[in-house]
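The block underneath contains the structure these notes are about, expressed in structure tokens.
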Amino acid sequence: MKTFLGIPLARPIESRTAYKSEPGHATTLQGGTGGGHLASEAAHDPTTIPTEPLRWGTSFPEAAQRALSNDQLRHNLGFATKTIRSKRAAVVAEAPDWEDLRDSGSQTKINVLASLPALLEQFERNFTARGGHVHWARDAQEANEIVTRLVKEQDTTEVVKVKSMATQEIGLNEYLAAQGIDAFETDLAELIVQLGDDLPSHILVPAIHRNRAEIKEIFERRMESLPEGMSDAPRELAMAAREHLRKKFLRAKVAISGANFGVAETGTLTVVESEGNGRMCATLPETLITVMGIEKIIPSFSDYEVFMQLLPRSSTGERMNPYTSMWTGVTPGDGPQNVHVILLDNGRTRALADDVGRAALKCIRCSACLNVCPVYERVGGHAYGSVYPGPIGAILTPQLTGTTGHSDPNGSLPFASSLCGACYEACPVKIDIPTLLVYLRNRVAEEDKAKHMPTAWGAAMSAATFVMSDSKRFAAASKGAGALRLMAGKKGYVQNIPLPIIKGWTQSRDLPSAPKETFREWWERTHPDAPQESPLSTDREDNA
């Protein structure tokens, strides 16, 4: 069987051995499965790296409840997201044609998804014509195997990396560690996450959940030859990281990157960044390996005109990004002479086959939706149990992995939203995230129905139907709800009801106390001469 792109269907996901970093050595074996803990809860404890980067093993409600109890985490997130939102709002306001840019970017991505097979083949022809090598990977296992083989061919056990969501998605660092290859992150935020034995919690700023004091403490524990008397001032921390990384760059034979865009018309790859570390990876080593999701293709070089305005403003709140690196195959005598790109499927054709769900593949990874999301701001990225957090992760992850109903941790992600619509308003390519969330919620519910097995939620809805379909039963239930007043006490709301379905509600919401007097009771008291029964019968035969 093949997908309609012609790529053989992915093999079943196999559990991989999890690894963690240790001081003095890049990685050592760490047994166990599942998703680790929130790093800020225990800064000195190593995080258990999940065996499946897109499914950490904990449902969103469980992880979110734990995150909400972490005051420091919420403070860090609140401060960081507010800062980014303010910067973005200022630079977006400067662009009088902002909505036109959004429309153009959205339509370009729609056209890409409609003709993706042809564009990918065009990109492959143009990239290979200029001396590059193209590899196709159906899933994470194949992508990791290809990277490992290419690294070993260069007779090295070290690689430098520039931040790449695709390599996080496939768990590349952990896979390489299992093969005896050390991967050193060079993006500052990714470096913080790696040295802290942590997990990323944001698409653009993976260490957004850390504050300066925590970063300083991580550097003191894990870096050699720190400047004497280093403070937690951002410049001093950045300079310490620069000194640490410079040694890695100068001896690296192989670099691994992601790609923001791949141009079908010319076979050009692009990395957009703020620090210059990506530029070092793309120029110094002899071998450059890029892992790119197949949806990152854009048709022509002129499309940069739109996306290079949308991406910096939406991601970092900058008019333009400090560093844009582009390469088209191999340039003799200049830069890497052994250039590869791995085109990654890993569930993308599954999403592409869904006429509604495919809209999630328009994402350009700017993270604007995370920075405006009230849910993300309070629980952070780890609660989503995937390397793709926030609103975009809530619609992208379930489609990449597939779900099996509410019992699947990823089946809870589409429900991780208040549907306020802020994400859609912020998205530079106009992904209608709220509509997709509702669509995926319905799909999860239909998956439960397809199992033909009774669920607690289904039983609760049946019970509610029975009560609400008869006025007398409903009146009796309304009077019984008065017991909530005793549970609410002086607070006026109930925080926890230890019953299966209601407990799930009150874990994430405060239930208001029942009024002292129901509407029916008020009507009977204030209108003693009026008919007390509804003139409409609740019996279905009478209403027929």
Side-chain angles (χ1 to χ4, degrees), residues 18-23 25-28 30 35-50 53-54 56 63 67 70 72-73 76-77 80-81 84 159-177 182-223 232 234 237-238 240-242 244-245 248 256-258 273-275 277-278 281 291 315-316 365 367 370 376 379-390 393:
Y19 286 76
K20 69 179 179 69
S21 298
E22 287 287 343
H25 195 274
T27 49
T28 57
Q30 170 71 17
H37 58 271
L38 292 174
S40 294
E41 291 179 346
H44 298 286
D45 293 336
T47 296
T48 301
I49 302 299
L54 293 175
W56 293 358
N70 189 328
Q72 184 62 58
L73 175 70
N76 295 349
L77 289 168
T81 53
I84 298 173
V159 299
V160 290
K161 290 180 70 243
V162 61
K163 186 174 71 172
S164 164
M165 296 301 297
T167 60
Q168 292 173 2
E169 174 189 327
I170 63 178
L172 178 61
N173 287 10
E174 293 73 45
Y175 189 92
L176 290 176
D182 296 335
F184 298 105
E185 296 290 352
T186 65
D187 175 85
L188 179 56
E190 285 289 352
L191 176 65
I192 294 166
V193 169
Q194 185 178 47
L195 294 180
D197 300 316
D198 205 346
L199 294 168
S201 64
H202 193 275
I203 290 176
L204 183 72
V205 194
I208 196 172
H209 56 290
R210 296 287 197 181
N211 60 33
R212 298 186 316 192
E214 291 174 308
I215 295 170
K216 177 177 180 290
E217 190 270 338
I218 290 171
F219 282 9
E220 289 173 340
R221 281 191 296 116
R222 299 298 300 275
M223 280 187 183
D232 62 2
L237 294 173
R242 181 178 184 272
H244 171 79
L245 291 172
K248 312 293 184 187
I256 299 173
S257 82
E273 48 152 345
S274 298
E275 300 166 9
N277 297 329
C281 287
V291 182
S315 55
T316 56
R365 307 292 191 271
S367 75
L370 282 69
Y376 175 86
V379 302
H382 293 157
Y384 292 83
S386 166
V387 298
Y388 296 116

If the plane angle is over 60° it's perpendicular, under 30° parallel, otherwise tilted; pick one for Trp56 and His382. tilted
Approximate separation, where rounding is to 0.5 Å, of Leu245 CG and Leu188 CG: 8.0 Å
Are the side chains of Tyr175 and Ile170 in touch, meaning some heavy atoms are under 4.5 Å apart? no
Sequence neighbours excluded, which residues qualify as side chain to side chain donor-acceptor pair (under 3.5 Å) partners of Asn277? Glu275
Nearest heavy-atom neighbours spanning Cys281 and Val160: SG-CG2, 3.9 Å
Polar contact flag, side-chain donor to acceptor under 3.5 angstrom, His209-Ser201: yes
Compare all side-chain heavy atoms of Met223 with those of Ile218 and state whether any distance is below 4.5 angstrom. no
Could you report the tightest heavy-atom contact between Ile192 and Ile215, atom names first, then the distance? CD1-CD1, 3.7 Å
Within the structure provided, determine whether Arg222 and Asp197 are in side-chain contact (heavy-atom separation under 4.5 Å). yes
Shortest non-hydrogen separation from Pro200 to Gln168 and the atoms involved: CG-OE1, 3.8 Å
So Thr186 and Leu191, do their side chains get closer than 4.5 Å, heavy atoms only? no
Here the pair of heavy atoms bringing Ile208 nearest to Ala80 is CG1-CB, 3.4 Å
Side-chain heavy atoms of Val159 within contact of Asp182, under 4.5 Å: no
Tell me, do Val379 and Tyr384 make a side-chain contact under 4.5 Å, heavy atoms counted? yes
Rounded to the nearest 0.5 Å, what's the gap from CD on Glu185 to CD1 on Ile256? Could you check? 9.0 Å
For Ser367 and Leu370, indicate whether the former's side chain and the latter's backbone hold a donor-acceptor pair under 3.5 Å. no
Within-4.5 Å side-chain heavy-atom neighbours: Val193 and Arg210: no
Polar side-chain atom of Lys163 near backbone of Ala189 as donor-acceptor pair, under 3.5 Å: no
Is there a side chain to side chain contact (heavy atoms under 4.5 Å, CB included) between Thr316 and Val205? Walk through the geometry before answering. CA-CA 9 Å; Thr316 56; Val205 194; over 6 Å; no
Any residue meeting salt bridge (charged side-chain N to carboxylate O under 4.0 Å, His left out) with Glu190, in chain and number order, not counting sequence neighbours: none
Please tell me whether His244 and Phe219 form a close aromatic pair, meaning their ring centres lie under 6.0 Å apart. no
To the nearest 0.5 angstrom, please state how far the OG1 atom of Thr167 sits from the CG atom of Leu176. 9.5 Å
Under-4.0 Å salt bridge between Asp187 and Lys161: no
Enter the distance from Ser386:OG to Leu54:CG here, rounded to the nearest 0.5 Å. 4.5 Å
Tell me the closest heavy-atom pair linking Leu237 and Asp232, and the distance in Å. CD1-O, 3.6 Å
Please evaluate residues Leu204 and Arg365 with respect to the criterion side chain to side chain contact (heavy atoms under 4.5 Å, CB included), reporting the C-alpha separation (whole Å), side-chain torsions for both, the decisive distance (0.1 Å), and the verdict. CA-CA 8 Å; Leu204 183 72; Arg365 307 292 191 271; over 6 Å; no
Where Pro389 and Val387 come nearest, the two heavy atoms and their spacing: CD-O, 3.2 Å
